[in-house]
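The block underneath contains the structure these notes are about, expressed in C-alpha cells.
Protein chains get the first letters and strands the later ones, always in sequence-line order, with residue 1 at the start of each. A quick note: this is a predicted structure, and the numbers were derived from the prediction, not measured.
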Amino acid sequence: MRTKFAPINYDYFDYQGRNYAILIGRDDAGKRLCVIDSCDVYLWAVLEENLNKKNIDNLIKKISKIKLNVKGRNTKVEKVELHKKRFLDKDVKALKIFATNYKDLHDIASCLKLDGITKRRGHDLGYITHYIIEKKIEPLKWYEIEGEFLNNSLEFGGIDMAYETTTCLKLNKSKEIKSEKFNPKVLAYDIETDSLKIGEGEILMVSLVGENFQKVISWKKTKNPQKYVEFVEDEAELLEKFIEYVKEFSPDILTGYFSDGFDLPYLKARADKHKIRLNLGLDNSQPKFSRGTSITGKIKGIVHVDILKFIRTVYAQYMQSETLKLNDVAREFLGDTKKEFDAHNLKGEINWKDFYEYNLHDSVLTLALFEKFWPDMLEFVKTIKEPLFSLSRAGLSKYVDSYILHNLENYNEIPERRPGYDETNERKIQRKVEGAFVFEPKPGLYNNIAIFDFTSMHTSIIISMNISSSTLLEKPQKSATNIEVGDKKYYYSKEKGFFPKLVQGLFEQRKKFKTEYKKNPNIFTKARSNAFKVLSASIHGYIGFFGARYYSREASASILAFVRKFNKETIDKIQKEGFEVIFGDTDSVGFLINKKNKPEIKDFLKKLNSELPGIMELELEGFFKRGLWVTKRSGKTGAKKKYAIIDEKENMKIRGFETVRRDWCKLAREIQNRILRKILIEGNEKKSLEYVKKIIKKLKDREIPKEDLIIRTQLKKELSEYIAQGPHVVAAKKMKAQEIPIAQGGLVEYFIAETKEKKKLVRDGVMLPHEKANYDIEYYLKHQILPAIENIFQVFDINITELVEGKKQMTLKDF
DNA sequence: ATATACACGGATCCCCTATTTCC
DNA sequence: GGAAATAGGGGATCCGTGTA
C-alpha cells in the first residue's frame, strides 16, 4: 500500500537478533500509522596511513570472521568494505564494518584493537540517530511511503498485534514530499495532590485539555460542579478514568509542565499502589522512567513532552521572568496566569469548585504554552533532525552535537566519538581558558553615546579564522593564520576545515531565515530564524564544553584570544579617531560622539568594517542620549558590566544594576530604577534626592508593605551541601521545619526582621513571608537601599550615606 | 554531567590582634 | 598578674546572579 506519512515518535526493538525501527506517525487523513523499518548497522575502523593492499585484505579477512555471543545474542560481522573517507579533515582509508545488532557494536569494536587500525568510530550515535542518518526519514517531515500491511502477522514476532489500535506497515520505499505543516494532536494534563512528595499523598484530581476537550476527573465531590468535572468513586477509579480518556483522545503528544519530575511519576506511583497498570503506551506498556539526576518519563508510541525542559534550554536565558514557575512563564509568554487558589494549603474548608477550575486552568495554560512553542520545537526538530522526545530533553550541547552528526556526510567525515568518563574528567579539571576583555569604564554621566557591536562575534571568528580542533596545525606554517594565547602561539590551516564550513552553513542559513522572517513575519519564520540563531550562538560554548565530541580547548582559547584582539583593536581605532571610549565588553564598544553627526559615525563604521577580515562585521547597536556608569562598591575604579543608558525615545536599558537582580528586595530595586530613570531623563540628580528622602521616611515610619521587602534567592544545592550558612540557607531550613516544600532549585523567600539580641549576623533576623514580625529598618536602609543608590549619587559627589546617617542632627528634619 | 568566561557584591568564615573579664 | 573569653577588623571564600 502507498500513503503519506509523517513520523513523530521513534523507537526500536529487536527481532531475531536484528534491530528494527518503529516509527509512529500520521497519514494525511490524520490516521495513526506505525511503520517498521530497518537499516544497516556498522561502525568505522580508520586504518593506518601506509597499509598496503595485502595488509588491508588480511585485516578484512580477519575482521569478517568475528563472531560474538553477547547476553545470549549471536552477533557477527556481516560484511566489511573499504572506503575513502575523511576523519578530522584528513584523508583516510577506513573499513566499514557491518554487524548484526547495533547494541553489539561496542563489543565488536573491542575486538578491533588490531595492528593497522588506529581508530574505531561511529558506534556511539544511538540506534535512532543512526537510523535517521542512514534512511533519511526525518521526524515531522512528510513522506510518500510504500509498504506491506502487517495484519496480525507473525512477522516481527507479532509486534503489530501489540499495537492493536494502529495500522502497522513494513516499509519498502519512501520519498520526501513537500506538504503542509504537520499538526499534531496534543493533550495537556495536570494533577493535584495533597502531598508534594511523589506518591506519598493522594491524587485528588486530574485535568486533561486538548482541542475541543476539557475534563477534570475527581473523587472529591461537591454539589453543582462545572460541566467539565466528572466524579469517580476513589483514586483508583480516577486513574482508570484518566487512562481511558487518554486512550480515547489518542494524542500524538502528551504534555505537562514539570510532568517528568512530578505528574507522570506521581501517577505511576499511585497506580502501583493500587496495583493498576498505567498502560498509557500504544502497546499498552507502562511509562518508563530513565534514571539519572533528572527523571524522564517515556510512553511508548506517544511523545511525552515536559514543556518546562524545552523552555529552560532554549528560552530561559532570554526571559524576563525570574523563575520558571508555570505562573511566571505563562504571564510572560501568554499574558495569562494561574487561577487564584492556594493548592498547597489544604487545611480547613476547601472550595472544591475553585480547585477544579484551578486544576483545569493549569492544563489550559500548559496546552497554550505547548502551542506557543510548537513552531519552535518543530523547527528545531527539523534543523537538528532528532525526534521530538530527545529534543525536548536535550541541552544546547546536544542540539549542536546532533546538528553536526546529521550533516557530517556532506563532508564525507567519520564522526568523532563522545568523550569517555576519564576524558571528560580530564577536560573538566583543565584550567579555564582566558575569556573576553572587559574595558574599565570611567564613572560618570555622559551625553550622546554610540555603541558598536560585532555580529555573532565568536561564530564569525570560527568561520573567518578557520578555527576548530582539526584545522589546528601541529607545526607552525608561514602562511597559516596564527594567534597568541598566553605564551603559546596556535596556527590554523589555510585549507577550510569541515567544522568551520559546517558552521558557515549554519551562519548563512541563520542570515537567510532572518531575512525571510523580516520579509514575511509569522510564527513559523520567526521560529526558524530563532532556531538557527540559537544554534549559531551556541557553537563556541559547544567547543569549550567538556562533553562535546568536537571539544577543543586550544580552539576555544584561540577564539577568545581573537575576541580580545578584535575588541581591543576596535577600541584603539576609535580612540585614535579622537573619540572617548566609555565602555567595552566582549563584542561591544561605546564611545562619546562629541560634535560628530550620525552620518559621520556611520561612515566611520564603514571604514572600520572595511578593515575586518572574512565575514566579520561590526554593526551600529544604536545612538543613546545619555548613559550612567558608576564606581564599584569598593574603591574608586569603574564598575564593569553595570550601566544604564537611554535612547532618544527614552527607552532605558539597564545592565547589571541591582534593579535587574532578583536577589534584591523590590523596594531597593524600585528606588534604584526610578532614580536611574530620573537622572537619565533630566540629566541631573536633583529630583532623585527628594524621592529618596520620601522613601526613607516611609521606611522609618514602617509604611513599606512587607511584600516590597521580600528577598528572593534560589537554593542552588542540597541544604546539607552548604558550607556557609547564609540567610537564604537559614530561610530554607525554616521552611523545611515548617513543612513548606523547598528543594534544590527552588526559590527561597524571606525578609529580615528586628531581633532582640545584639545582632551580628543577618541570618539571625531571617523571617519567612507569612511570619509576623517587624521589619528591620536599619537592615533595609544600610543593606538594601543605600548600597543600591550610593554609587549613583557618588557620581554627583553626593555622599548619600553621610546625608542619611552621619549628620543625623542636621538632617533629621529632612528625613 | 548536559554551552563558555568575566564580574559584582553581599554574607559568612576564619584568622589575627586588642581589649575585657574572670579567678 | 595571667589565662580565658570576647570584640572587631579585614581578607578569603562562598554564593547567587548578572553581562556578553
Taking the same atom, P, in B:dT2 and in C:dA20, what whole-Å distance lies between them?
25 Å
Within a reach of under 6.0 Å around [atom1] of [X], are more than 12 heavy atoms found that belong to other residues, nucleotides or ligands?
X: A:K666; atom1: NZ; result: yes
X: A:K288; atom1: NZ; result: no
X: A:Q320; atom1: CD; result: no

Protein-nucleotide distance ([X], atom [atom1]; [N], atom [atom2]), rounded to Å:
X: A:R393; N: B:dT2; atom1: CZ; atom2: C1'; answer: 15 Å
X: A:F437; N: B:dT4; atom1: CZ; atom2: C1'; answer: 19 Å
X: A:Q430; N: B:dT4; atom1: CD; atom2: P; answer: 13 Å
X: A:D124; N: B:dT2; atom1: CG; atom2: C1'; answer: 15 Å
X: A:L761; N: B:dG10; atom1: CG; atom2: P; answer: 16 Å
X: A:Q794; N: B:dG9; atom1: CD; atom2: P; answer: 13 Å
X: A:Y421; N: B:dT2; atom1: OH; atom2: P; answer: 14 Å
X: A:I789; N: B:dG9; atom1: CD1; atom2: C1'; answer: 17 Å

Can you label the angle between the A:F380 ring and the A:F310 ring as parallel, tilted or perpendicular, going by 30° and 60°?
perpendicular
Measure up the A:H783 and A:Y779 rings against each other and bin them: parallel (under 30°), tilted (30 to 60°), perpendicular (over 60°).
parallel
[Y] ring center within less than 6.0 Å of [X] ring center:
X: A:Y446; Y: A:F624; answer: no
X: A:H458; Y: A:Y542; answer: no
X: A:F373; Y: A:Y315; answer: yes
X: A:Y551; Y: A:F545; answer: no

Output one letter per nucleotide in nucleotides 14-20 of chain C: B when a protein non-hydrogen atom lies under 4.0 Å from the base, S when only the sugar-phosphate is that close, - when neither is.
-SBBBBS
Name the residue closer to the 5' end of DNA chain B, choosing between A:G547 and A:A639 according to the nucleotide with the nearest heavy atom.
A:G547
Tell me, do A:F454 and A:M616 make a side-chain contact under 4.5 Å, heavy atoms counted?
yes
Would you mind classifying the nucleic acid contact of A:G435 as base, sugar-phosphate or nothing, using non-hydrogen atoms under 4.0 angstrom?
sugar-phosphate
Are [X] and [N] close enough that a side-chain N or O sits under 4.0 Å from OP1 or OP2?
X: A:H783; N: B:dA11; answer: yes
X: A:S397; N: B:dA3; answer: yes
X: A:R418; N: B:dA1; answer: no

Nearest-neighbour nucleotide for the A:F545 side chain, B:dC6, B:dA3, B:dG10 considered:
B:dA3
What's touching nucleotides 9-13 of chain C from the protein side, N or O pairs under 3.5 Å?
none

